[in-house]
Amino acid sequence: MVANSTMESTRWIDLSHPIDGDTPVFPGDPPIEIEILDSTSEPDRAGERRLNCSRIAICVHNGTHLDAPFHFFADGRTIDRVPLEQCNGPATAIKLSPLPADAVIEPADLQPWEASIRRTRRLLLNSGWYRRWKVEGYFQNHPVLSGETARWLLGCGVELIGVDFPSVDHPPFEAHLEILGAGALILENLTNLDLLPHAGFEIATLPLALVGRDGSPVRVAARLEPS
C-alpha cells in the first residue's frame with residue numbers, strides 16, 4: 001500500500017516533443033524516417049501472434065535532444081561518456097515567456113533566480129517558444145543566450161542548460177562554445193515548460209549510449225513531489 005500511495009502522489013510531466021515522420025528537423029538535416037519492417041513469426045497456439053518491428057533514421061540533434069561536449073570539441077566528452085548524474089536531479093525552471101522573435105537572454109534576465117540556479121545546477125528556460133513548434137520561423141527567429149549569459153551561468157556552477165527553442169545560439173555559436181567547452185550539457189527543443197513550478201522538482205534525462213557520438217535524442221520528464 002505504501003508503494004502504491006507514493007506512486008499515485010508523484011506527478012510526471014513529459015518535456016519532450018513526440019517523434020514521427022512529420023517531426024520538423026533543423027534546416028539542412030534529412031527528414032526523420034520511420035520504416036515498418038516486414039517481419040514473420042511463428043503463430044501462437046491461437047494462431048494470432050504477430051511481431052511488430054520498426055526502423056528509425058534520425059539526426060541526433062533533431063527533436064528534443066542533448067548536446068554532448070564532443071558536438072563542438074574533438075576532445076570533449078561523447079554522449080556515451082556523459083555522467084548520468086549530470087543529466088538527472090533537481091532543476092530550476094525560469095519563466096521568461098513570452099519572449100519575442102530574436103530575443104537575446106542576458107544575465108540580468110536570470111539574476112533574480114541566482115540562488116536557486118546555484119543550488120540545483122540544472123536550469124530550464126521557458127521562453128514560450130515551444131508553442132511555435134511546427135510553425136514557420138521556429139528554427140530561424142528563436143531566442144538565444146548571449147555569450148555573456150553562458151559565462152555567467154557557468155560561473156554559477158550550472159552543469160546542464162535546457163531551452164524550449166532549437167538552439168542556444170546562432171553562428172558563430174558563442175554560447176555553445178562556452179557551455180560545451182566547460183563540460184556542461186545543453187538540452188534543446190523542450191516543451192510543456194508552463195506546467196513546471198519554479199522549483200521543487202527533478203528532471204530525468206537519459207540519452208542513448210551512442211558510442212563516440214556528439215548527442216542523442218532524449219525523453220525528458222520532470223518529477224513533481226506532492227505539495
Side-chain angles (χ1 to χ4, degrees), residues 13 15-16 64-69 71-73 76 82-83 85-133 138-205 218 220-225 227:
I13 297 176
L15 305 180
S16 312
T64 306
H65 66 274
L66 184 69
D67 288 356
H71 185 31
F72 275 75
F73 295 92
V82 165
E85 57 268 25
Q86 191 174 351
C87 311
N88 300 273
T92 296
I94 298 178
K95 185 173 183 178
L96 302 173
S97 65
L99 288 183
D102 299 315
V104 179
I105 300 170
E106 299 289 358
D109 299 317
L110 309 181
Q111 285 169 347
W113 296 274
E114 180 176 351
S116 182
I117 292 170
R118 288 183 178 275
R119 183 175 62 253
T120 63
R121 302 168 73 91
R122 300 174 191 85
L123 174 64
L124 307 182
L125 294 178
N126 177 5
S127 73
W129 199 255
Y130 73 86
R131 299 187 199 95
R132 296 179 60 85
W133 183 247
Y138 175 82
F139 291 100
Q140 290 78 23
N141 305 117
H142 58 82
V144 297
L145 305 183
S146 69
E148 184 180 355
T149 300
R151 289 187 289 273
W152 182 81
L153 289 171
L154 293 168
C156 292
V158 169
E159 297 181 347
L160 180 144
I161 299 169
V163 298
D164 63 348
F165 36 91
S167 176
V168 293
D169 56 16
H170 297 298
F173 303 113
E174 186 177 1
H176 266 100
L177 292 170
E178 293 285 350
I179 296 165
L180 299 179
L185 306 173
I186 300 172
L187 268 173
E188 294 168 329
N189 288 329
L190 293 171
T191 189
N192 294 330
L193 296 185
D194 277 339
L195 301 178
L196 294 181
H198 159 61
F201 68 95
E202 296 185 351
I203 60 167
T205 306
V218 288
V220 186
R223 183 171 67 88
L224 279 62
E225 294 293 351
S227 56

Among R118, E114, R119, exactly one meets side-chain contact (heavy atoms from CB on, under 4.5 Å) together with S116. Which residue is that?
R119
For L193 versus L125, what's the shortest heavy-atom pair and its separation?
CD1-O, 3.3 Å
Minimum heavy-atom distance between P166 and F139, given as atom pair plus value:
CB-CD2, 3.6 Å
Donor-acceptor pair, side chain of T64 and main chain of N189, under 3.5 angstrom
yes
Under a 3.5 Å distance rule, please check whether S167 uses its side chain to pair with a backbone N or O of D169 as donor and acceptor.
yes
N88 vs E202 side-chain heavy atoms within contact, under 4.5 Å
no
Between E178 and E148, is there a side-chain heavy-atom distance shorter than 4.5 Å?
no
Heavy-atom side-chain proximity of L180 to F173 below 4.5 angstrom:
no
Would you say the side-chain atoms of D164 pair up with the backbone N or O of G128, donor to acceptor, closer than 3.5 Å?
yes
Give me the ring orientation class for H198 and W113: parallel if the planes are under 30° apart, tilted from 30 to 60°, perpendicular past 60°.
tilted
For V163 and S127: C-alpha separation, side-chain torsions, deciding distance, then whether side chain to side chain contact (heavy atoms under 4.5 Å, CB included) applies.
CA-CA 8 Å; V163 298; S127 73; over 6 Å; no
Is there a side-chain contact between N141 and R132 in this structure, where contact means two heavy atoms from C-beta onward sitting under 4.5 Å apart?
no
Any heavy-atom pair between the side chains of I203 and L160 that's under 4.5 Å?
yes
Could you report the tightest heavy-atom contact between H176 and D67, atom names first, then the distance?
NE2-OD2, 3.1 Å
What are the two closest non-hydrogen atoms of I117 and L110, and how far apart are they?
CD1-O, 3.9 Å
So, for L177 and F72, which heavy atoms are closest and what is the spacing to 0.1 Å?
CD2-CD2, 3.7 Å
Given the options T191, D194, N192, Y130 meets side chain to side chain donor-acceptor pair (under 3.5 Å) only with D194
Which atoms form the tightest heavy-atom contact between A175 and S146, and what is the distance?
CB-O, 4.4 Å
Checking Q111 against E106 for the side chain to side chain contact (heavy atoms under 4.5 Å, CB included) test, could you report, in this order, the C-alpha distance in whole Å, the side-chain angles of both residues, the deciding distance, and whether it holds?
CA-CA 9 Å; Q111 285 169 347; E106 299 289 358; over 6 Å; no
Could you check whether any side-chain N or O of E188 sits under 3.5 Å from a backbone N or O of V168, counting only pairs where one atom can act as donor and the other as acceptor?
yes
Quick one: does L224's side chain get under 4.5 Å of L196's, heavy atoms only?
yes
Ignoring hydrogens and angles, tell me if any N or O in the side chain of T149 forms a donor-acceptor pair with the backbone of I105 under 3.5 Å.
yes
Tell me, with the steps shown, if L187 and L15 meet side chain to side chain contact (heavy atoms under 4.5 Å, CB included).
CA-CA 11 Å; L187 268 173; L15 305 180; over 6 Å; no
